[in-house]
Amino acid sequence: MKERNNKMELLGSAPVPKALMALGIPIMIGMLINALYNLVDAYFVGGLGESQMGAISIVFPLGQVVVGLGLMFGNGAASYLSRLLGRGDKDTANKVASTALYSSVLVGAIIIILATIFLKPILTLLGATDTIMPYALTYARIYVISCIFNVFNVAMNNIVTSEGAAKTTMCALLLGAILNIGLDPIFIYVLEMGVAGAAIATAISQFVSTLVYLNYVLRKKSAFTFSVREVAPTKQMMAEILKIGVPTLTFQLLTSLSIALINRAANGYGDAVIAGMGAVTRVTSMGTLVVFGFLKGFQPIAGFSYGAKKFDRLQEAIKTSILWSTIFCVIVGLLMAVFSTQIISQFTDGNAEMISVGQRSLIANGFSFMLFGFYTVYSSLFLALGKGTAGFILGACRQGICFVPVILILPALWGLNGILYAQPIADVISAVITVFMALHLHKELSAEKVKMISMEQKNF
């Protein structure tokens, strides 16, 4: 009971910087280690050759689609759960948590079965070349099935974070990622299993993360109860979950689409270009996952404050989050740009073409990454406040509305450079759009605050 009260205090009354650090830092650390695993995984596989490195780059977006289902229900429920806790509606919160968790696992299982049946056509669609395909099939057959654990983990990650239990999320991410980093060289090289070893290491680590969340639930540490009996998908509940969950899934699908479009555009330039762009994706994802991790702590504070009509607290949380995330993005962006050659060189045994492609792309992505914190704070904020339509539009900009036209048109006009600089150009356009949407949002919040004060004075 004391632990649950501490969580509510963090969400509703603790100083904003303290609450952001308490909720955001643990998840950020977990995400950082998880992102580091992605780099280490690519590092070990890269030692096998460009075709093997290209294989995991091809399969990566498929895994993101499956995991997106966990995000759809988990993140959709998290926004609603934070607002319900802010209003003190515990009974509805229990039903929402259970419905979201069981729904994510059921739908995830269906999609995994379909993906397994149509695996080769899917990989061809994602840009696999003839030399990459055998390795992609080997890796994907194991990896895709193991994604059922990841669907559960991602759903629980969001639900648990909504109640302020950031340390549990950190432990689950941390344990799984460290285990994966340790198992990769053993399965890939010591047991000589190649890309299959990388997939098995991932499957084992995801299962261990699942055990962490199961332990949290079974020991009744959660503010919510997770029971089949609590599953009650009413029209209103599903509308609340899906109005945030569908945009979140769409973001994930667009992320997968953007990677697939880059791979397909790079297909004609050879395996080295696909591998180089895959390395850039892994490096930049390390920075983006850290920002997402920190903002996982921001979202429940924003949702709780909005639900409790604490507008001053909400504004302080927004300003602090923008400042902190932007400082981080500027530092990381500069590091990516300055040390681009050294970074990309770690993912190959010396392929000059792969290093050249990756280095040029990473410099551009490093500079555009400086805008990522500002953009992501607002895309997260709209969803936390339950403003699904606006959140969908803004969230779809960076890798959808802005990116897709750029990646479809620019390579035809600019050749390989059009592939290398497509994402940075989309980033800049997205940041400009964010400015206008942020100004409109703050006008809305100011109007709601004035209305609330007016009603309080009238009642008084």
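Scope of the values below: all heavy atoms of this structure, side chains included, with no hydrogens, waters or symmetry mates.
Using modelled atom types, one finds a donor on one side chain and an acceptor on the other under 3.5 Å when comparing T129 with D271.
Within the 4.5 Å cutoff, the side chain of M193 has no heavy atoms near those of the I188 side chain. Residues T138 and P134 fail the side-chain proximity criterion, which asks for heavy atoms closer than 4.5 Å. Between N153 and N157 there is no side-chain heavy-atom pair separated by less than 4.5 Å. Put simply, the side chain of Q423 does not reach to within 4.5 Å of the side chain of T284, judged on heavy atoms. A 4.5 Å side-chain heavy-atom check between L81 and N158 finds every atom pair outside the cut-off. Here the side chains of Y216 and V160 are in contact, with some heavy-atom distance below 4.5 Å. N417 has its side chain within reach of R360: a pair of non-hydrogen atoms, C-beta onward, lies under 4.5 Å apart. The shortest side-chain heavy-atom distance between L441 and L385 falls under the 4.5 Å cut-off.
The main-chain N or O of T202 is found under 3.5 Å from a side-chain atom of S205 such that the two form a donor-acceptor pair. No donor-acceptor pair under 3.5 Å is formed between the side chain of S356 and the backbone N or O of E353. For the pair S98 (side chain) and V231 (backbone), a donor-acceptor distance under 3.5 Å is absent. The backbone N or O of P61 sits less than 3.5 Å from a side-chain atom of S256, completing a donor-acceptor pair.
Of the inter-residue distances, the one linking R264 atom CZ with I58 atom CD1 reads 9.5 Å to the nearest 0.5 angstrom. With values rounded to the nearest 0.5 angstrom, S321 atom OG is found 6.0 Å from L295 atom CG. One finds the OG1 atom of T92 at 10.0 Å from the CD atom of E230 (value rounded to the nearest 0.5 Å). Here CZ of R141 is found 8.5 Å from NZ of K120. Values are rounded to the nearest 0.5 Å. L335 CG to Q342 CD: the interatomic distance, rounded to the nearest 0.5 Å, is 11.0 Å.
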Could you give me the CA-CA distance, side-chain angles and deciding distance for T348 and E50, then say whether side-chain hydrogen bond (donor to acceptor under 3.5 Å, both in side chains) is met?
-> CA-CA 7 Å; T348 176; E50 278 67 50; 2.9 Å; yes

Any chance you could lay out the side chain to side chain contact (heavy atoms under 4.5 Å, CB included) test for M238 and F73, step after step, and finish with the verdict?
-> CA-CA 9 Å; M238 295 310 294; F73 290 102; 4.1 Å; yes

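The number of heavy atoms from other shown groups lying within 6.0 Å of NZ (K387) is above 12. Open room surrounds CZ on F392; 12 or fewer heavy atoms of other groups in view lie less than 6.0 Å from it. Atom OH of Y269 is surrounded by more than 12 heavy atoms from other residues, nucleotides or ligands within 6.0 Å.
Of all heavy-atom pairs between A272 and N351, the closest is CB-OD1, 3.8 Å. Scanning both residues, A203 and S146, for their nearest heavy atoms gives CB-CB, 3.4 Å. A pairwise comparison of heavy atoms in A55 and Y135 identifies CB-CB, 3.6 Å as the closest pair. Between I241 and A77 the shortest heavy-atom distance is CG2-N, 4.0 Å. Scanning all heavy atoms of the two residues, the minimum distance from L123 to A140 falls at CD1-CB, 4.4 Å. Between M133 and A128, the closest heavy-atom pair is CE-CB, 3.8 Å.
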Residues 401-415, side-chain donor-acceptor partners within the protein, below 3.5 Å, at least two apart:
none

For residues 101-118, dump all side-chain donor-acceptor pairs below 3.5 Å to protein atoms at least two apart in sequence or in another chain.
residue : atom : partner : partner atom : Å
S103    : OG   : T99     : O            : 2.6
S104    : OG   : A100    : O            : 3.4
S104    : OG   : L101    : O            : 2.7
T116    : OG1  : I112    : O            : 2.8

Name the atoms and distances for all side-chain donor-acceptor pairs under 3.5 Å in residues 363-378, with sequence neighbours left out.
residue : atom : partner : partner atom : Å
N365    : ND2  : S361    : O            : 2.8
N365    : ND2  : S361    : OG           : 3.2
S368    : OG   : A364    : O            : 3.4
S368    : OG   : N365    : O            : 3.2
S368    : OG   : D427    : OD2          : 2.9
Y375    : OH   : L394    : O            : 2.7
Y375    : OH   : G395    : O            : 3.2
Y375    : OH   : R398    : N            : 3.4
T376    : OG1  : F372    : O            : 2.7
Y378    : OH   : H442    : NE2          : 2.7

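Using cut-offs of 30° and 60° for the angle between ring planes, the F294 and W324 rings count as tilted.
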